[in-house]
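Following: one structure in structure tokens, then a few remarks.
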Amino acid sequence: MPELSLSVAGAQQSVAAGTTGTDLFGSDRAVVAVRVDGELRDLDVVLDGAQAVEPVTIDSPDGLSILRHSTAHVLAQAVQQVNPDAKLGIGPPITDGFYYDFDVETPFQPEDLKKLEKAMQRIVNTGQRFRRRVVTEEEARAELAGEPYKLELVGLKGSGAAEGAAEGASAEIGAGELTIYDNVARDREGNEVVAWKDLCRGPHLPTTKLIGNGFQLMRSAAAYWRGSEKNPQLQRVYGTAWPTKDELRAYTERLAEAERRDHRRLGTELDLFSFPDEIGSGLPVFHPKGAMIRMEMEDYSRRRHIASGYSFASSPHITKAKLFEVSGHLDWYADGMYPPMRVDEERDADGTLRRQGQDYYLKPMNCPMHNLIFDARGRSYRELPLRLFEFGTVYRYEKSGVVHGMTRARGFTQDDAHIYCTREQMRDELASLLTFVLDLLRDYGLNDFYLELSTRNPEKSVGDDATWAEATAVLEEVALASGLDLVPDPGGAAFYGPKISVQARDAIGRTWQLSTIQLDFNLPERFELEYTAADGSRQRPVMIHRALFGSIERFFAILLEHYAGAMPPWLAPVQVLAVPVAEPFNDYLEDVVAQLRAAGVRAELDDSDDRFNKKIRNATTQKVPFVLIAGGDDAEAGAVSFRFRDGSQRNGVPISEAVTIVRDAIADRVQV
RNA sequence: GCCGCGUUAGCUCAGUCGGUAGAGCGUUUGCCUUGUAAGCAAAAUGUCGUCGGUUCGAUUCCGACACGCGGCUCCA
């Protein structure tokens with residue numbers, strides 16, 4: 001029998017012709033697929049002609065994707081078992097799970113998901129094998145005659161457009177051959193029966209048994225076929241799948257933790273903000289405690305901006321249409337703006353126009369206003385870089401389906417700055433700006449970052465190629481110099497210029513896009529901004545847009561979730577809550593609170609009629625950083641006792657020392 | 001904007017197969033109060049999201065709208 005030599009898991013080895021991945025790794029149940037010369041393949045692939053083969057275990061990123069993809073197939077099989085008329089869309093793996101889209105008469109209800117889960121479990125338990133079969137386009141068309149969406153994918157593949165067909169479509173039709181996977185079960189006599197089949201690139205698990213009971217259907221939702229609202233809406237079922245039940249449990253616990261931290265929930269529980277229906281969707285009001293957090297966030301930011309050479313600006317919330325015609329916003333983003341208010345229009349009794357009205361718009365961005373400030377008088381190169389900063393409140397008419405708490409609001413306040421500089425200054429300015437941004441974010445308690453570079457979308461941009469290329473190159477250089485990971489985001493730029501965005505990971509590992517630094521060669525052009533250079537010539541400044549928090553509301557929400565409501569002392573609305581052991585110590589603590597307040601600490605006394613234990617509980621649920629307790633022992637010693645958030649304590653601390661401890665924790669912006 | 005689900009006291013939620021409603025927490029009041037997560041008792045509180053329709057009668061059934069939630073789409 002001919003032998004072949006290949007690298008098996010990194011070691012050169014000689015194996016018989018016809019050897020499969022199963023032969024090599026089948027004894028290890030954790031191995032669910034193989035990587036053959038870089039390509040993921042089914043475990044039972046015949047290795048003839050291969051150079052190198054690596055095992056893929058179920059707990060590796062590739063293995064998890066395969067697990068989730070196979071689970072998606074089982075879902076589709078279950079759906080067609082329950083409802084043979086369901087047409088299949090696509091069903092790729094996604095982060096932590098999978099989805100599958102179906103065209104069905106009636107959308108899935110929660111009870112349907114329960115039923116489908118049961119049906120899936122039965123399929124899993126039968127231990128079906130996934131068997132790969134290469135088909136020609138004609139064969140595929142014949143077999144999939146009843147699956148219009150799959151046929152469309154086959155057609156797309158024929159035209160070479162598969163990759164762009166839809167997010168996830170490549171999971172069904174890869175780059176290579178067209179393949180169908182048969183799900184093979186055994187009947188009572190032990191004969192093989194094809195229970196189900198699906199057009200699919202694979203690879204898949206060797207058997208559905210490996211799905212075990214580590215999967216769960218999460219929710220259903222509508223989704224447009226191939227992601228376009230011009231196409232029919234399919235019903236999407238989301239699920240999650242893990243190698244073991246324990247890992248599934250850990251995942252659902254993570255979700256529960258995220259829900260406990262949800263800023264909308266914490267906002268209510270901690271009395272920070274609300275969204276009154278009377279005001280309108282996406283328009284929050286801040287309650288005293290929330291407003292205090294916000295004020296601290298803003299004040300600290302202002303001080304840092306002053307220290308870094310920023311000038312401050314302030315501008316109105318509405319403006320005549322003309323300004324947004326000049327800026328181009330009405331051309332590009334009128335849909336995202338609140339409709340105009342028409343003022344000063346006069347008509348005769350018969351309705352004929354007597355006096356032309358004027359349209360005013362709520363501003364969706366601050367930059368046009370800042371440009372007018374720049375342009376209010378002649379500017380010299382000696383003034384550059386000119387850094388205009390404003391907490392500018394903007395209004396965007398987000399579609400009703402996307403408004404989401406404070407992370408996606410319709411009215412929000414940007415910590416917005418526009419920097420006008422010369423081309424020569426651009427590089428240094430961007431470099432110091434990125435440092436400034438990252439330092440400031442760290443002061444708010446975030447420290448795990450990566451960067452994203454968004455480059456031009458040719459279909460949605462203005463300006464010439466050379467300008468874009470230069471701007472992009474400078475941004476990339478600065479980003480790389482930061483030493484942080486840089487992820488490309490092709491086509492993700494705004495219409496007026498490329499950008500770097502800072503992505504931050506929070507305490508439970510989620511990433512948020514925070515600061516953006518955008519270059520803009522186009523607005524200075526539109527506003528005809530100029531400065532006088534050293535040689536007396538008129539030059540056009542470069543404009544840099546940057547927001548650090550993005551919006552205060554959104555950053556507030558992110559910090560709230562990051563800290564799970566337990567804000568560090570400097571941001572906490574109530575920094576100290578004084579709790580007497582019993583009523584006779586109210587006066588004693590009243591005096592302590594007065595001393596703390598004199599030292600600039602936000603301190604309160606709990607002199608309610610609640611019992612001591614209840615007061616401790618209230619302080620805990622309100623997540624107050626320092627609870628100061630005093631009873632007989634403390635009062636006699638002129639001391640107080642600390643109770644910290646973790647339940648630990650420090651008793652008998654002299655009052656003056658206690659004030660110092662609290663004041664220092666606030667000044668140092670530490671978490672406690 | 002699209003699809004689905006939801007909206008009952010300040011909050012979380014139960015309930016009414018059509019005859020106008022409950023719990024816990026919170027609030028108010030009274031009695032109480034000495035060491036680290038809920039003292040006891042009483043009371044008050046709802047146009048059952050809004051507007052229409054069906055009905056003798058609608059919080060309940062139907063429709064529209066508003067708001068919210070999960071996605072899609074979008075995200076300067």
Side-chain angles (χ1 to χ4, degrees), chain A residues 99 101 104 106-110 112 167 218-238 259 262 264-265 268-269 271 274-282 324 327-329 331-337 363-368 394 396-405 407-408 414 416 454 460-461 492-497 499 513 516 518 520 522-523 545 547 550 554 579-586 608-622 627-635 641-645 647-649 651:
Chain A
Y99 65 80
D101 289 343
V104 286
T106 43
F108 299 103
Q109 317 258 313
D112 297 330
E167 191 191 349
M218 307 301 285
R219 66 175 70 91
S220 60
Y224 296 105
W225 168 240
R226 293 177 59 201
S228 165
E229 51 192 311
K230 294 183 195 76
N231 290 334
Q233 259 189 346
L234 306 181
Q235 294 301 316
R236 174 170 298 180
V237 176
Y238 284 93
E259 195 178 321
D262 190 305
R264 294 165 299 183
R265 168 196 284 256
T268 304
E269 286 174 359
D271 193 15
S274 57
F275 292 87
D277 287 1
E278 293 84 343
I279 296 178
S281 187
F324 293 123
S327 70
H329 285 99
D331 291 338
W332 291 91
Y333 289 106
D335 285 352
M337 294 168 67
K363 66 173 171 182
M365 288 183 80
N366 300 301
C367 34
V394 297
R396 299 179 186 180
Y397 193 75
E398 302 286 1
K399 287 193 253 175
S400 63
V402 305
V403 171
H404 181 91
T407 57
R408 199 71 188 276
Q414 294 183 307
D416 209 1
S454 300
K460 213 179 165 186
S461 59
F495 73 93
Y496 51 76
K499 75 174 175 199
Q513 178 180 310
T516 56
Q518 300 196 235
D520 187 344
N522 296 302
L523 272 191
H545 304 244
R554 181 165 174 277
V579 177
V581 163
E583 197 178 345
F585 306 102
N586 281 2
S608 69
D609 285 341
D610 287 332
R611 288 298 210 287
F612 180 65
N613 277 357
K614 182 60 182 293
K615 290 184 181 186
I616 294 292
R617 178 181 156 83
N618 286 343
T620 308
T621 54
Q622 286 301 301
V627 178
L628 288 192
I629 294 161
D633 299 344
D634 299 288
S641 294
F642 277 86
R643 184 185 203 274
F644 300 100
R645 278 171 173 150
S648 67
Q649 23 176 335
N651 296 338

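Everything quoted here is computed from the prediction, not taken from an experiment. Values below: all heavy atoms of this structure, side chains included; hydrogens, waters and symmetry mates excluded. A note on names: the letters A, B, ... follow the listed sequences, proteins ahead of strands, and every chain is numbered from 1.
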Whole-Å C1' distance, rU8(B) and rU20(B):
12 Å

Among rG71(B), rG35(B), rU73(B), the one nearest V581(A) by side-chain distance
rG35(B)

Parallel, tilted or perpendicular, judged at 30° and 60°: which one describes the rings of F642(A) and F644(A)?
parallel

Take the protein atom CG of D101(A) and the nucleotide atom C1' of rC2(B), then report the distance between them rounded to whole Å.
14 Å

Scan Q518(A) against the nucleic acid and name what it touches under 4.0 Å (heavy atoms): base, sugar-phosphate only, or nothing.
sugar-phosphate

Is there a donor-acceptor pair under 3.5 Å between the side chain of S274(A) and the backbone N or O of P276(A)?
no

Per nearest nucleotide of RNA chain B, the residue lying toward the 5' end, N613(A) or D335(A), is N613(A)

Integer-rounded Å distance: rC2(B) C1' and L234(A) CG:
13 Å

Side chain K615(A), main chain S608(A), donor-acceptor under 3.5 Å
yes

Which part of the nucleic acid, if any, lies within contact of A223(A), taking any heavy atom under 4.0 Å across all strands shown: a base, the sugar-phosphate backbone alone, or nothing?
sugar-phosphate

What is the nucleic acid contact for G282(A), judged by heavy atoms within less than 4.0 Å: base, sugar-phosphate only, or nothing?
sugar-phosphate

Centroid under 5.5 Å and tilt under 30°, Y333(A) to rA76(B):
yes

Side chain of A221(A) only, please: which of rC72(B), rA76(B), rG70(B) is the nearest?
rG70(B)

Which nucleotide, rC2(B), rG1(B), rA76(B), lies nearest any side-chain atom of Q233(A)?
rC2(B)

D331(A) CG to rA76(B) C1': how many Å, rounded?
13 Å

Using atom CG of D634(A) as one end and atom P of rU36(B) as the other, report the distance to the nearest whole Å.
12 Å

Once you apply a heavy-atom cut-off of 4.0 Å, does G336(A) come out as touching a base, just sugar-phosphate, or nothing?
base

Rounded to whole Å, how long is the line connecting atom CZ of R264(A) with atom P of rC67(B)?
16 Å

What contact category does E269(A) fall into here, base, sugar-phosphate, or nothing, at under 4.0 angstrom with non-hydrogen atoms?
nothing

What is the distance from CZ of R408(A) to C1' of rU73(B), rounded to the nearest Å?
11 Å

I616(A) CD1 to rU36(B) C1', in whole Å, measures 5 Å

RNA chain B: 5'-proximal contact among K499(A) and D610(A) (nearest heavy atom):
D610(A)

Can you check the distance between rU45(B) and rU27(B), where both ends of the measurement are the C1' atom (answer in whole Å)?
9 Å

Any donor-acceptor pair, under 3.5 Å, between the side chain of Y224(A) and the base of rG71(B), if you only look at N and O atoms?
no

Quick note, Q235(A) side chain, CB onward, closest among rG71(B), rC3(B), rG1(B) is rC3(B)

To the nearest angstrom, how far is R236(A) atom CZ from rC5(B) atom P?
18 Å

Describe the nucleic acid contact of F585(A) in one word from base, sugar-phosphate, nothing, applying a heavy-atom distance below 4.0 Å.
base

Closest contact, heavy atoms only, G497(A) versus N522(A):
N-ND2, 4.5 Å

I'd like to know if R611(A) reaches the base of rU33(B) with its side chain, counting only an N/O donor and acceptor under 3.5 Å.
no

Side chain of P107(A), heavy atoms from C-beta onward: which of rA76(B), rC3(B), rG71(B) has the nearest atom to it?
rC3(B)

When you get a sec, tell me which of rC72(B), rC67(B), rG70(B) is the closest nucleotide to the side chain of S281(A)?
rC67(B)

Mind checking which stems touch RNA chain B? I mean at least 3 consecutive Watson-Crick or G-U pairs, both distances under 3.5 Å.
B:1-7 with B:66-72, B:10-13 with B:22-25, B:27-31 with B:39-43, B:49-53 with B:61-65

Do V403(A) and R408(A) have side chains that get closer than 4.5 Å, going by heavy atoms?
no

Under 4.0 Å, counting only non-hydrogen atoms across every strand here, what does S641(A) touch: a base, just sugar-phosphate, or nothing?
base

Output yes when a side-chain donor or acceptor of R236(A) lies under 3.5 Å from a complementary backbone atom of A221(A), and no otherwise.
no

Side chain of K614(A) - closest among rU36(B), rC74(B), rG26(B):
rG26(B)

So R219(A), base contact, sugar-phosphate only, or nothing? Heavy-atom distance under 4.0 Å.
sugar-phosphate

Is there a side-chain contact between F324(A) and M337(A) in this structure, where contact means two heavy atoms from C-beta onward sitting under 4.5 Å apart?
yes

With respect to the side chain of K399(A), which nucleotide from rA38(B), rG1(B), rU33(B) is positioned closest?
rG1(B)

Taking R643(A) for its side chain and I629(A) for its backbone only, find out whether a donor-acceptor pair lies under 3.5 Å.
no

Looking only at atom P, what distance separates rA21(B) and rG26(B), rounded to whole Å?
26 Å

Judged by atom type as modelled, is there a donor-acceptor pair below 3.5 Å linking the side chain of S228(A) to the main-chain atoms of Y224(A)?
no

Mind checking N618(A) for me? I need base, sugar-phosphate or nothing, with any heavy atom below 4.0 Å counting as a touch.
nothing

Base, sugar-phosphate, or nothing for H404(A), non-hydrogen atoms under 4.0 angstrom?
sugar-phosphate

Taking all atoms of both residues into account, what is the closest heavy-atom pair of D112(A) and P107(A), and its distance?
OD2-O, 3.9 Å

Nearest-angstrom distance, C1' atom, rG15(B) to rG52(B):
26 Å

